[in-house]
2 protein chains.
Amino acid sequence: MEEPTPRTGRAPTSVDVARLAGVSQATVSYVLNDAPGMRITEATRAKVREAAASLGYVPHASARTLRSGRSDIVLMPLPRAGMGALAAAHLDALGEELRRLGYKVVLYGDDRGKGIGAARDWAQWRPSAILVEAGRLTRAAVRQLHDTGIPTVVALGDAPSPLVPTFVFDNEAIGARAAEHLAERGRSSIAVLMPREKGLEVYSRPRLAGVSRVAAAHGIDVQPVDLGFDEEEAGGLVARWAADPHRPDAVFAYNDDYAMLIMRALEDAGLRVPGDVAVVGADDLPLAALLRPRLTSVRVMAGPTAADVAERIDAMVRDRSRDPSIVFELVRAEIVVRESS
Amino acid sequence: MEEPTPRTGRAPTSVDVARLAGVSQATVSYVLNDAPGMRITEATRAKVREAAASLGYVPHASARTLRSGRSDIVLMPLPRAGMGALAAAHLDALGEELRRLGYKVVLYGDDRGKGIGAARDWAQWRPSAILVEAGRLTRAAVRQLHDTGIPTVVALGDAPSPLVPTFVFDNEAIGARAAEHLAERGRSSIAVLMPREKGLEVYSRPRLAGVSRVAAAHGIDVQPVDLGFDEEEAGGLVARWAADPHRPDAVFAYNDDYAMLIMRALEDAGLRVPGDVAVVGADDLPLAALLRPRLTSVRVMAGPTAADVAERIDAMVRDRSRDPSIVFELVRAEIVVRESS
DNA sequence: TTGTATGCGTTATCAA
DNA sequence: TTGATAACGCATACAA
């Protein structure tokens, strides 16, 4: 089979298509974009489409953006790691919906910097919207983005941002649910595991805050404990507890992985779960039910559907609303009680 | 504090900067890009920089791309989910290195389609390079990309692609290592768990192939077993095994999560691990060592560093080499023996 | 040492 | 119903 058209070495443009189809370049643009209000014969349309296909013509996104003034990009400069499986699935679904609405979803791999430097980096794309962790947005960064004509900036965070509309992913509530549960069970001293892996503070700090808030209301003692994901270290920690008459009688383990680590250590040290120490995890991973005793966990449920969120973003882009008082709860946390607490 | 400059409502351009600095637009470009061979006084440079800063000027990436003919984008249309934690960390590191070399890393969220449709979708960005799963590249897709002037297309896959240079992530070897180990231990019948979650076949099929290849050489029986991540279902499977005199005496569990699932089921059914049934996982997750008995797992080690890989990509972009015979081993698999086999 | 002028590929306005 | 033509914002060869 012959190649339908010669390979030029450079990407074909709409001018090439026009030449091949025997029409003007403008006509090509009309046809391929289904420009409304244009009366173009079906014969011409067919010629153009055929020419485009045979040349393998693909419009140049940069040229289109430059001319039209809109990129239709939704930029999500989010780290790939560290966010739970559930959140990742959420974002995948959200991307799917945004695509359906005609946006181009770009998960921008950046240096995880914050403030004005990061903002400049993002602004060069002239995206229609940016979704970013609240912590990376400073006042100057937001100003930069708005001044660069980016209509919509949305923060993802634990609490409403004073700067821009926020989608709240309530980590504080996760800790709070755990503490409420432990308070109900009459526990009086909660150890809160704080993973040492970098990048997780964004999640662990608000979870701790949630525990502390609820515990304070119940007169319960709270002690944060730094911990790496390491069997030795967990063993050391638990050994100290075993020898300590004032040891905590409950652990909120940040997530289910750390819960597994600490439960194993407790077991090895001869401490009973939940008899001596109750354990609560978070994320309700499949493995939670596989542990023995089965792990009590704080499950994070999707609130609005991805389609709802996408629609919301679309609306904000359309009317360029940047009202910081707009807040959207993304999830709700609820406790799944099993045998470990 | 006053705003240093009025907000125009539209993004400032290099012309705006030039006007404010009292120089020509070209000079702005020279200064901000440190154009070589230009002799511009330090005073002028300072004026330009100051004007740019006060306006919050950010170059328009699309305009720059259009004019210069190069986007410096490395497009990675990779799914966020499904790839092990290790692979994700690898890719993060690779992105970091590419950024250091001046590329803009775009993790493009697409519809996970393949072939010519996906290729057109990617080509609109005119990236300098594309990294994509081998399975998504058809001959037509590669032709489309090359014809659109995209110099470098690299496949990620289990085996070298006949179409483009390939970075090999050897899942086949993972299965092979597991089977070799089980053969050495004298096992005669291996069940291979095949997760039913969609998107994982890309990894599970080559792993099965690796097991099969090695097993065949040793006269060992292999039976693939479809399994969802579900305690009930695993229980049913194991119950059948318990009643079956010809049950497998070994399981390769796809990964450590499934290994945990099956180990729990085996234990509940009164089958001994590894006495009755040996279990081998993969990925060597931290939890592998936390299980009892401790889980034997196939660990995937980084071969070349991220910097090596990035440099390799950079070189390919520079000399526009598209030789499919270029193959780069990304990882090597090795077995970590513990008590479960 | 700096400014002028041109064109990248596209969309969109206006004539024809 | 279609075709010239003018921007969009920037980089760069060339002129001054």
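All heavy atoms count here, side chains included; hydrogens, waters and symmetry mates do not. Just so we're on the same page: letters track the sequence lines, and every chain starts at 1.
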Under 4.0 angstrom, heavy atoms only, what part of the nucleic acid is B:Ser29 near: base, sugar-phosphate, or nothing?
-> base
Rounded to the nearest 0.5 Å, what's the gap from OG1 on B:Thr148 to CD1 on B:Ile130? Could you check?
-> 8.5 Å
Work out how much the helix from C:dT1-D:dA16 to C:dA16-D:dT1 bends between its end axes, five pairs an end, to the nearest 10 degrees.
-> 40°
When all nucleic acid strands are considered with a 4.0 Å heavy-atom cut-off, which category describes B:Ile40: base, sugar-phosphate, or nothing?
-> sugar-phosphate
Lys/Arg N to Asp/Glu carboxylate O, B:Arg318 vs B:Asp314, below 4.0 Å | yes
In whole angstroms, how far is the C1' atom of C:dG9 from the CH2 atom of B:Trp125?
-> 16 Å
Below 4.0 angstrom from OP1 or OP2 of C:dT4, is there any side-chain N or O of B:Ser24?
-> no
Has the side chain of A:Tyr30 got a donor or acceptor that lies under 3.5 Å from a partner of the other kind on the base of C:dT10?
-> no
Which nucleotide sits closest to the side chain of A:Arg64: C:dT10, C:dG3, D:dA11?
-> C:dT10
Respond yes when some side-chain nitrogen or oxygen of A:Thr44 is under 4.0 Å from OP1 or OP2 of D:dT2, and no when none is.
-> yes
In whole Å, what is the span from the CZ atom of B:Arg70 to the P atom of C:dG9?
-> 16 Å
On DNA chain C, check which nucleotide each of B:Arg67 and B:Thr41 is closest to and give me the residue with the more 5' one.
-> B:Thr41
Does a side-chain N-to-carboxylate-O contact under 4.0 Å join B:Glu97 and B:Arg100?
-> yes
Charged N-O contact under 4.0 Å between B:Asp121 and B:Lys114 = no
Once you round it to whole Å, what is the distance between C1' of D:dC10 and NE2 of A:His60?
-> 13 Å
Criterion side chain to side chain contact (heavy atoms under 4.5 Å, CB included) against B:Leu330, the qualifying member of B:Asp308, B:Leu156, B:Val168 | B:Leu156
Do the side chain of B:Gln25 and the base of D:dA11 come within less than 3.5 angstrom through a donor-acceptor pair of N or O atoms?
-> yes
Using a heavy-atom cut-off of under 4.0 Å over every strand shown, decide if A:Val15 touches base, sugar-phosphate, or nothing.
-> nothing
Return the value, rounded to whole Å, for the distance between atom CG of A:Leu66 and atom C1' of D:dA6.
-> 13 Å
Main-chain N/O of A:Asp110 paired with B:Arg99 side-chain donor or acceptor, under 3.5 Å = yes
Got more than 12 heavy atoms from elsewhere within 6.0 Å of CD, B:Glu329?
-> yes
Looking for any heavy atom pair under 4.0 Å, which part of the strands does A:Val23 touch: base, sugar-phosphate only, or nothing?
-> sugar-phosphate
Length of the line joining B:Asp34:CG and D:dT12:P, which is rounded to integer Å | 13 Å
Indicate whether OP1 or OP2 belonging to D:dC10 is found under 4.0 Å from a side-chain N or O atom of B:Ser14.
-> yes
Taking only N and O in the side chain of A:Thr27, is any of them less than 4.0 Å away from OP1 or OP2 of D:dT2?
-> no
So, B:Arg126 and B:Asp72, do they make that salt bridge, N to O below 4.0 Å?
-> no
A:Asp16 CG to C:dC8 C1', straight-line distance once rounded to whole Å | 13 Å
